[in-house]
Amino acid sequence: MASAETGGDKYRSFMHGEGEKNTVWRHGAPPNYDIVNKLFEDERTKEWLEESLEEKVQRLLKTWEMEMIHKVRPDDQKSVHSQGFTASTNGMKPLTRKEWTAIGGYNAFLATKLPPEHRIYDPDKETVDSGMSTFLTAFPRGFAIEVLDVYSGPPRVAFKFRHWGYMEGPFKGHPPHGQRIEFFGVCIFHVDEEMKVEKAEYFYERGNFLASFLSAPAAASASGCPVMRGN
């Protein structure tokens, strides 16, 4: 995984420089992560040494999320293996890169088997843009992510992560409560010899995360184990 390019993002690769001159970006230009990077730096619980396995995995995670959301053409996604890539959430049907890109990262990550009438957020009714807009509105300072632990190295990289933001904007008609919303999960990246992701498997508690938009969440324990309820 390449280090940050000159003038680029401190925590993500493949955003700027000669290698990205022909990249097609979803919104016409590379995204700006300055605001969410500040949230990350202010509230992260771990600060990994540069070039450590944990730092490399965290950079890969942030780069992978950025590329899958913001790069329109699969060929421009340099952290993803070009053939046979799949991603799944909570043991549900794996999605190909084409399927993931078509429905959008938020909708793929929030896939559910719940009946439509019980869905706080219905990914089947959202587009790539509407899904992104929903969460950018709810989290005006962004939705930060950090790696908490790395359990195994390549080629099967298993790690625990924390995702958090502040609900300072409305969410699907629910007024902002201003409190921190966070969840913890486990992910397994199957990578090749170049650390490109061939398969991603996410496991986290979807139901509690979405319920946090309805009322201010109680304090969460960082040691809590993610479970697969509310699929």
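Note that this is a predicted model, so its numbers are computed, not measured.
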Output yes when a side-chain donor or acceptor of Thr63 lies under 3.5 Å from a complementary backbone atom of Arg59, and no otherwise.
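Yes; at least one donor-acceptor contact below 3.5 Å.
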Check whether any side-chain N or O of Trp100 sits under 3.5 Å from a backbone N or O of Ile69 as a donor-acceptor pair, and report yes or no.
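No, Trp100 side chain to Ile69 backbone: no donor-acceptor pair under 3.5 Å.
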Check whether Phe40 forms a cation-pi arrangement with Lys62 (NZ or CZ under 6.0 Å from the six-membered ring centre, at most 45° off the ring normal).
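Flagged: Lys62 positioned over aromatic ring of Phe40.
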What pairs of donor and acceptor atoms, side-chain ones from residues 170-177 against any protein atom, are under 3.5 angstrom apart with sequence neighbours left out?
from: Lys172; atom 1: NZ; to: Glu126; atom 2: OE2; distance (Å): 2.4
from: His177; atom 1: ND1; to: Gln179; atom 2: N; distance (Å): 3.0
from: His177; atom 1: NE2; to: Ser212; atom 2: O; distance (Å): 2.8

Restricting to pairs with a member in residues 94-110, which pass salt bridge (charged side-chain N to carboxylate O under 4.0 Å, His left out), not counting sequence neighbours?
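For residues 94-110: Lys93-Glu99.
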Do NZ/NE/NH1/NH2 and the carboxylate oxygens of Arg162 and Glu146 come within less than 4.0 Å?
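Yes, charged N to carboxylate O under 4.0 Å.
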Is a salt bridge present between Glu20 and Lys71, judged by a nitrogen-to-oxygen distance below 4.0 Å?
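Yes, this pair counts.
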Would you please classify the geometry between the Tyr106 ring and the Phe135 ring as parallel, tilted or perpendicular, with 30° and 60° separating the classes?
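Correct class here is parallel.
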Taking the six-membered ring where the residue is Trp, are the ring centres of Phe183 and Trp164 under 6.0 Å apart?
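No, they do not, as the ring centres are separated by 6.0 Å or more.
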Taking the six-membered ring for Trp, are the ring centroids of Tyr121 and Phe213 within less than 6.0 Å of each other?
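No: the rings miss the under 6.0 Å criterion.
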Hydrophobic clusters join Ile, Leu, Val, Met, Phe, Trp and Tyr when side-chain heavy atoms are under 4.5 Å apart, directly or via other members; which others share one with Val24?
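The other cluster members (ILVMFWY side chains, heavy atoms under 4.5 Å, direct or chained) are Val72.
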Which pair of non-hydrogen atoms, one from Glu65 and one from Ile145, has the smallest distance, and what is that distance?
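The answer is OE2-CD1, 3.7 Å.
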